[in-house]
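Working notes, structure below.
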Amino acid sequence: MTGDLSATSDINKAVEGVDAVLHLVSTTLPKSSNEDPVYDVQSNLVASLQLLNAMVAHKVGRIVFISSGGTVYGSPKYLPIDEKHPTDPEVSYGITKLAIEKYILMYGHLHGIKPVILRVANPYGERQRVETAQGAVGVFIHNVLKQLPIEIWGDGSVQRDFLHVSDVAEAFAKAISYSGTAGVFNISSGVGTSLNSLLELIGEVSGGEVPRVYKPGRSFDVPVSVLSNDLARDELGWSPQVSMKEGIARTFEWAKKEVAK
Ligand SMILES: NC(=O)c1ccc[n+]([C@@H]2O[C@H](COP(=O)([O-])OP(=O)(O)OC[C@H]3O[C@@H](n4cnc5c(N)ncnc54)[C@H](O)[C@@H]3O)[C@@H](O)[C@H]2O)c1
């Protein structure tokens, strides 16, 4: 079925008779969420609370929620960032994700709903939407295939923690049957890759140097964001399986077919 997370009738239909909810809806993006925090809160936080209420009414006992490893912590105080790192989000998107996390944990205590929060780092891979422009990998590959210029904010040394989407899916599969006591997990590669290294990898699979234009850096881009995945390894028995090289090759092959359509 399809439906709107803000519509209680849709939500009630969706949760009826199910054992678990996997919550991946987001109506906003990190970089634009500050433009309208009221919309962010209403369409994500309030709607998620309505979902939790529907789960209580329909006695659904488990939820796995996708949170944001890239925004809930704010500027890193130390690296790699573990789940005990302070949470000081600098964008509405991160504040809303964190508030949803807290309500999910509260409903866990109050109503016995088993919560698992996955703070996912920088996912990429096949079927990533380019038009929402969330994620350097999708945009860079798309631009290479379309022979469009690639703009890098700063000198390209900025490092991010990229993770193939199949590894994220596998984390959900593990989370859905998790019976331990931890509730919040980073889901990440645990390794920083610079934008320059990413372009080198894309160059290797596309068969040539990737042309790029370096622009002045943006003040809100932290130089390095890498998340520890030790807790997910220990508790969920999960670990990333797809190397950057393999993941980029798979994504490039998929994007090539899409562009040719
Ligand atoms: N892409 C990333 O870098 C990243 C990183 C960490 C976490 N996340 C989270 O992962 C999830 C998926 O992200 P994505 O990058 O695939 O984004 P996306 O925009 O492609 O996916 C969001 C989905 O939510 C659906 N949606 C939006 N409003 C809705 C509504 N009112 N009712 C029902 N469905 C609605 C959209 O149709 C879309 O399928 C989001 O919750 C996002 O916050 C993304």
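Values reported hereafter were calculated over all heavy atoms of this structure, with side chains retained and with hydrogens, waters and symmetry mates removed. Just so you know, ligand 1 is whichever comes first in the structure, and atom 1 is the first atom listed for that ligand.
For Ala7, the heavy-atom gap to ligand 1 stays at 4.0 angstrom or more. Residue Val25 places a heavy atom under 4.0 Å from ligand 1. Residue Ala121 places a heavy atom under 4.0 Å from ligand 1. Heavy atoms of Tyr93 come nearer than 4.0 angstrom to ligand 1 in at least one pair. At least one heavy atom of Pro123 sits less than 4.0 Å from an atom of ligand 1. Contact annotation: Ser67 has at least one heavy atom less than 4.0 Å from an atom of ligand 1.
Inspection of the Glu90 and Ser75 side chains reveals an N or O donor paired with an N or O acceptor under 3.5 Å.
In this structure a side-chain-to-backbone donor-acceptor pair under 3.5 Å is present from Asn196 to Asp155. With hydrogens and angles disregarded, no donor-acceptor distance shorter than 3.5 Å links the side chain of Asn186 to the backbone of Leu227.
Note on Lys261 versus Glu258: salt bridge recorded, some NZ/NE/NH1/NH2 to OD/OE distance being below 4.0 Å. Contact check on Arg250 versus Glu246 returns a salt bridge, with a Lys/Arg side-chain nitrogen under 4.0 Å from an Asp/Glu carboxylate oxygen.
No more than 12 heavy atoms of other residues, nucleotides or ligands shown are found within 6.0 angstrom of NZ on Lys84. Atom OH of Tyr103 has 12 or fewer neighbouring heavy atoms from other residues, nucleotides or ligands inside a 6.0 Å radius.
Close approach of ligand 1 to Gly3 is summarised as follows: ligand atoms under 4.0 Å from at least one heavy atom of the residue are 32 (N), 33 (C). Every atom of ligand 1 with a heavy atom of Asp4 under 4.0 Å away is listed here by number and element: 30 (C), 31 (N), 32 (N). Interface of Leu5 with ligand 1, defined as ligand atoms under 4.0 Å from a residue heavy atom, comprises 30 (C), 31 (N), 32 (N), 33 (C).
Residue nearest to atom 20 (O) of ligand 1, selected from Arg129, Lys97, Arg119: Arg129 (by heavy-atom distance).
Relative ring orientation between His23 and Phe65 is described as tilted, the plane-to-plane angle lying within the 30° to 60° band. Ring pair Phe162/Tyr124 is perpendicular by interplanar angle, where above 60° counts as perpendicular and below 30° as parallel.
The distance criterion of under 3.5 Å between nitrogen or oxygen atoms is not met by Thr27 with respect to ligand 1. Where the criterion is an N or O separation shorter than 3.5 Å, residue side chain and backbone included, Leu24 meets it with respect to ligand 1.
Residue contacts with ligand 1, taken as heavy atom pairs separated by less than 4.0 Å, do not involve Ala47 at all. Contact annotation for Gln128 and ligand 1: no heavy atom of the residue comes within less than 4.0 Å of the ligand.
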